[in-house]
Amino acid sequence: MRSIDAMLTLSIIDSLSLPGSENRPNEDQMGWTAQCAFVIDGATGLGPDFVVGRHDSDAAWLASFAKVHFEEMIAPGRSMVDIVRSTNALARRIVTFAANGRDMPAWNLPVAGFQMVRIEDRRIRTYGLGDCLLILTDGEDATVTHTAMPGNDAHEREAARLVIEQCGGLGNLPRLIDDPHLLARQRAGRAQYNTASSPVWTLGAAPDAADHLVSAPLSDRLPVTGLLCTDGFAALATNYGLYEPGELVEAAKRDTLPVLGARLRNVEKREDPDGLLYPRMKRSDDATAVLFEIRETAAT
């Protein structure tokens, strides 16, 4: 039973963020405060140019903006719905100002997903939008996973398998800009984000996404150890099947995140560079992870 004189303490054990390519910005971010930890995954833009024009990527700009806003706004008593609404409302004003009257189709708006763990009133909750992942192992060795888009990894894997089957491997995959039909399909799907016709809600220029925030209470069997990761890092378990979720947390504790990052890139660059074993739409994605622990400590 938890002592009424105890407090919950969040500790960051390890962190890692790897760009998917040396030729483009890392569009992931991560951050933490005394009460929370989170990862953010910006979605690569589909337009011919940038809207905001910072960081050489609107997705990288949005991820960085959301990180700073989260770290500044998260405080005891302030709801995550309010924080996400505030983040997106300010992002929309910035995007509108940067557009300077240009027509801005929905598919060209910057978007990003996130997953967070947060201590609230001596309880632990997770919040998310998009396809980032939390894996949590509690003090009784029970492991759970949380994402705002369960099953999305299987859907994307099947879509990638069909494309790779047609072109013969990632090395033959046309660039979006060189394939008008593929580009149009990607843009049509992105345009549905943050609308009633799509289950995908994100950080970005849609304050109403706050009303679709996915949250859940987490185990109070302390201590708990968790791994927050963007889908590029989560692929070690979700796509490549190298670990079960609980095994990935244990491996992160035992081997460190840089070692797991090296294994991830070895699979993508050496074992399966063409995506024939593990279908995906790019050889390597940005990959970010935060390993943390929450335990009870005596109040001071």
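Just so you know, these numbers come straight off a predicted model, no measurement behind them. Numbering of residues begins at 1 and proceeds along the displayed sequence.
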Enquirer: Under 4.0 Å between a Lys/Arg side-chain N and an Asp/Glu carboxylate O for Asp14 and Lys253?
Expert: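 Salt bridge absent between Asp14 and Lys253.
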Enquirer: Can you tell me if Gln115 uses its side chain to pair, donor with acceptor, with the backbone of Tyr127 under 3.5 Å?
Expert: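 Checking the backbone N and O of Tyr127 against the side chain of Gln115, a donor-acceptor pair under 3.5 Å is found.
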Enquirer: Is any NZ, NE, NH1 or NH2 atom of the basic residue among Asp141 and Arg221 found under 4.0 Å from an Asp or Glu carboxylate oxygen of the other?
Expert: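 Between Arg221 and Asp141 there is no salt bridge, as every charged N stays at least 4.0 Å from the carboxylate O atoms.
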Enquirer: Is there a side-chain contact between Glu120 and Arg125, using heavy atoms and a 4.5 Å cut-off?
Expert: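 Counting from C-beta outward, Glu120 and Arg125 do come under 4.5 Å.
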Enquirer: At what distance, to the nearest 0.5 angstrom, does CD1 of Ile164 lie from CG of Leu276?
Expert: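 Between Ile164 CD1 and Leu276 CG, I get 6.5 Å after rounding to 0.5 Å.
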Enquirer: With the side chain counted from C-beta on, respond yes when Arg118 and Thr126 share a heavy-atom pair under 4.5 Å apart, and no when they do not.
Expert: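 Arg118 vs Thr126: side chains apart.
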Enquirer: Is it true that the side chains of Tyr243 and Arg263 contain a donor and an acceptor less than 3.5 Å apart?
Expert: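 Per modelled atom types, Tyr243 and Arg263 side chains form a pair under 3.5 Å.
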Enquirer: Provide the closest heavy-atom pair for His212 versus Trp201 in the form atom of the first, atom of the second, distance.
Expert: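 Smallest heavy-atom distance, with atoms named: NE2-CZ2, 3.3 Å.
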Enquirer: In Å and rounded to the nearest 0.5 Å, what is the CG to CG distance from Leu236 to Leu264?
Expert: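 Nearest 0.5 Å value for the CG-CG distance: 4.5 Å.
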Enquirer: For Pro279 versus Asn239, what's the shortest heavy-atom pair and its separation?
Expert: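 For Pro279 versus Asn239, the nearest heavy atoms are O-ND2, 3.2 Å.
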Enquirer: Among Thr202, Val200, Leu129, exactly one meets side-chain contact (heavy atoms from CB on, under 4.5 Å) together with Val111. Which residue is that?
Expert: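 Going through Thr202, Val200, Leu129 one by one, the side-chain contact (heavy atoms from CB on, under 4.5 Å) with Val111 is satisfied by Thr202 alone.
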Enquirer: Say you draw a straight line from CD of Glu244 to OG1 of Thr145; how long is it, rounded to the nearest 0.5 Å?
Expert: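 That separation rounds to 10.5 Å.
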Enquirer: Classify the side-chain pair Thr9/Arg295 by whether it contains a donor and acceptor separated by less than 3.5 Å.
Expert: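 Note: Thr9 and Arg295 side chains miss the donor-acceptor criterion.
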Enquirer: Have Asp28 and Thr288 got a donor and an acceptor in their side chains that come within less than 3.5 Å?
Expert: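 A pair is found: one side chain offers a donor N or O, the other an acceptor, under 3.5 Å apart.
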Enquirer: Any salt bridge between Asp82 and Arg85, counting N to O under 4.0 Å?
Expert: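 Here Asp82 does not pair with Arg85 in a salt bridge, since their nearest N and O are not under 4.0 Å apart.
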Enquirer: When hydrophobic residues are tied together by side-chain contacts of less than 4.5 Å, even through go-betweens, does Leu90 share a cluster with Met104?
Expert: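 Hydrophobic grouping puts Leu90 with Met104.
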Enquirer: Got a second to check how far Thr147's OG1 is from Asn152's CG, nearest 0.5 Å?
Expert: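 Thr147 OG1 to Asn152 CG: 7.5 Å, rounded to 0.5 Å.
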Enquirer: For Val95 and Arg92: C-alpha separation, side-chain torsions, deciding distance, then whether side-chain contact (heavy atoms from CB on, under 4.5 Å) applies.
Expert: CA-CA 5 Å; Val95 168; Arg92 181 171 66 177; 5.7 Å; no
Enquirer: Under the 3.5 angstrom rule, does the side chain of Asp286 hit a backbone N or O of Glu27 as a donor-acceptor pair?
Expert: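 Yes, Asp286 side chain to Glu27 backbone: donor-acceptor pair under 3.5 Å.
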Enquirer: Does any non-hydrogen side-chain atom of Asp131 lie less than 4.5 Å from one of Glu156?
Expert: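 In contact.
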Enquirer: I'd like to check Leu222 versus Val224 (side-chain heavy atoms, cut-off strictly below 4.5 Å). Are they in contact?
Expert: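 Yes, side chains in contact.
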Enquirer: Give the C-alpha distance, both sets of side-chain angles, the deciding distance and a yes or no for side-chain contact (heavy atoms from CB on, under 4.5 Å) between Leu62 and Ile40.
Expert: CA-CA 9 Å; Leu62 177 60; Ile40 301 172; over 6 Å; no
Enquirer: Given side chains that start at C-beta, do those of Leu136 and Phe292 come closer than 4.5 Å, heavy atoms only?
Expert: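 SC-SC contact between Leu136 and Phe292 confirmed.
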Enquirer: Any side-chain heavy-atom pair from Leu203 and Phe70 closer than 4.5 angstrom?
Expert: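 Side-chain contact under 4.5 Å: yes.
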Enquirer: Would you find a donor on one side and an acceptor on the other, under 3.5 Å apart, between the side chain of Asp58 and the backbone of Val51?
Expert: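 Such a contact is found between Asp58 side chain and Val51 backbone.
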Enquirer: Are the charged groups of Asp220 and Arg122 less than 4.0 angstrom apart, N to O?
Expert: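 Looking at Asp220 and Arg122, the cut-off is not met.
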Enquirer: Centroid separation under 6.0 Å, is that true for the rings of Phe38 and Phe114?
Expert: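 No, too far apart.
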Enquirer: Taking all non-hydrogen atoms of both residues into account, name the closest pair between Ser219 and Asp138 and its distance.
Expert: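 In this case the closest contact between Ser219 and Asp138 is OG-OD2, 3.0 Å.
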Enquirer: Please name the pair of heavy atoms, one in Ala91 and one in Gly204, separated by the smallest distance, quoted to 0.1 Å.
Expert: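 In terms of heavy atoms, the two residues are closest at CB-O, 3.3 Å.
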Enquirer: Within the side chain of Glu165, is there an N or O that forms a donor-acceptor pair under 3.5 Å with the backbone of Leu162?
Expert: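 Checked: no pair found.
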Enquirer: Enter the distance from Thr33:OG1 to Met73:CE here, rounded to the nearest 0.5 Å.
Expert: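 Here the rounded value is 13.0 Å.
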Enquirer: Please check if Leu133 and Val39 belong to a single hydrophobic cluster, counting links between Ile, Leu, Val, Met, Phe, Trp and Tyr side chain heavy atoms closer than 4.5 Å.
Expert: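 Not linked; separate clusters.
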Enquirer: Has the side chain of Thr225 got a donor or acceptor atom that lies under 3.5 Å from a matching backbone atom of Glu293?
Expert: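 Such a contact is absent between Thr225 side chain and Glu293 backbone.
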Enquirer: Is there a path from Val290 to Leu16 through hydrophobic residues (I, L, V, M, F, W, Y) whose side chains come within less than 4.5 Å of each other?
Expert: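 Per the 4.5 Å side-chain linkage, Val290 and Leu16 are not co-clustered.
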Enquirer: Are Leu109 and Trp61 linked, directly or through intermediate hydrophobic residues, by side-chain heavy-atom contacts shorter than 4.5 Å (ILVMFWY only)?
Expert: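 Yes.
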Enquirer: Take Asp56 and Arg24 through the test salt bridge (charged side-chain N to carboxylate O under 4.0 Å, His left out) and record every step on the way to the result.
Expert: CA-CA 8 Å; Asp56 292 326; Arg24 59 176 177 80; over 6 Å; no
Enquirer: Are Arg283 and Glu268 close enough, and set up right, to give a salt bridge (charged side-chain N to carboxylate O under 4.0 Å, His left out), and what steps lead you there?
Expert: CA-CA 6 Å; Arg283 182 160 294 159; Glu268 295 165 343; over 6 Å; no
Enquirer: Test Leu248 against Ile135 for side-chain contact (heavy atoms from CB on, under 4.5 Å), laying out the working first.
Expert: CA-CA 8 Å; Leu248 187 58; Ile135 308 171; 3.9 Å; yes
Enquirer: Side-chain contact, heavy-atom cut-off 4.5 Å: Pro217 with Arg123?
Expert: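 A side-chain contact under 4.5 Å is absent here.
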Enquirer: So, do Arg265 and Ser284 sit near enough that their side-chain heavy atoms are less than 4.5 Å apart?
Expert: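 Sidechains of Ser284 and Arg265: in contact.
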Enquirer: Under 4.5 Å between side-chain heavy atoms, counting indirect links through other Ile/Leu/Val/Met/Phe/Trp/Tyr residues: same cluster for Met116 and Leu291 or not?
Expert: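 As far as the 4.5 Å side-chain criterion goes, Leu291 and Met116 are not connected within one cluster.
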Enquirer: For residues Ala98 and Val52, report the shortest heavy-atom separation together with the two atoms involved.
Expert: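 Scanning both residues completely, I find the closest heavy atoms to be CB-CA, 3.9 Å.
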Enquirer: How long is the span from the OG1 atom in Thr143 to the CG atom in Leu227, to the nearest 0.5 Å?
Expert: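 Result: 11.0 Å between the selected atoms.
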Enquirer: Backbone N or O of Val259 within a donor-acceptor pair of the Asp255 side chain at under 3.5 Å?
Expert: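 No, Asp255 side chain to Val259 backbone: no donor-acceptor pair under 3.5 Å.
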Enquirer: Test your reading of the model: is there a side-chain donor-acceptor pair from Lys67 to the backbone of Met30, 3.5 Å cut-off?
Expert: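 Judged by distance alone, yes, a pair lies under 3.5 Å.
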Enquirer: Would the distance check show the side chain of Asn88 and the main-chain N or O of Ala206 forming a donor-acceptor pair, the cut-off being under 3.5 Å?
Expert: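 Between the backbone of Ala206 and the side chain of Asn88 there is a qualifying donor-acceptor contact (under 3.5 Å).
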Enquirer: Using a 3.5 Å distance criterion without hydrogens, assess whether the side chain of Arg187 forms a donor-acceptor pair with backbone atoms of Leu46.
Expert: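 Flag set: sc Arg187 to bb Leu46 pair under 3.5 Å.
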Enquirer: Taking Arg280 for the side chain and Tyr278 for the main chain, is one N or O donor matched with an acceptor at less than 3.5 Å?
Expert: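 Yes, because the side chain of Arg280 sits within donor-acceptor range (under 3.5 Å) of the backbone of Tyr278.
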Enquirer: Between the side chains of Asn26 and Ser17, does any donor sit under 3.5 Å from an acceptor?
Expert: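 Asn26 vs Ser17: donor-acceptor pair found between side chains.
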Enquirer: List the atom of Val81, the atom of Leu213, and the distance in Å for their closest heavy-atom pair.
Expert: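 Shortest heavy-atom separation between Val81 and Leu213 comes out as N-CD2, 4.0 Å.
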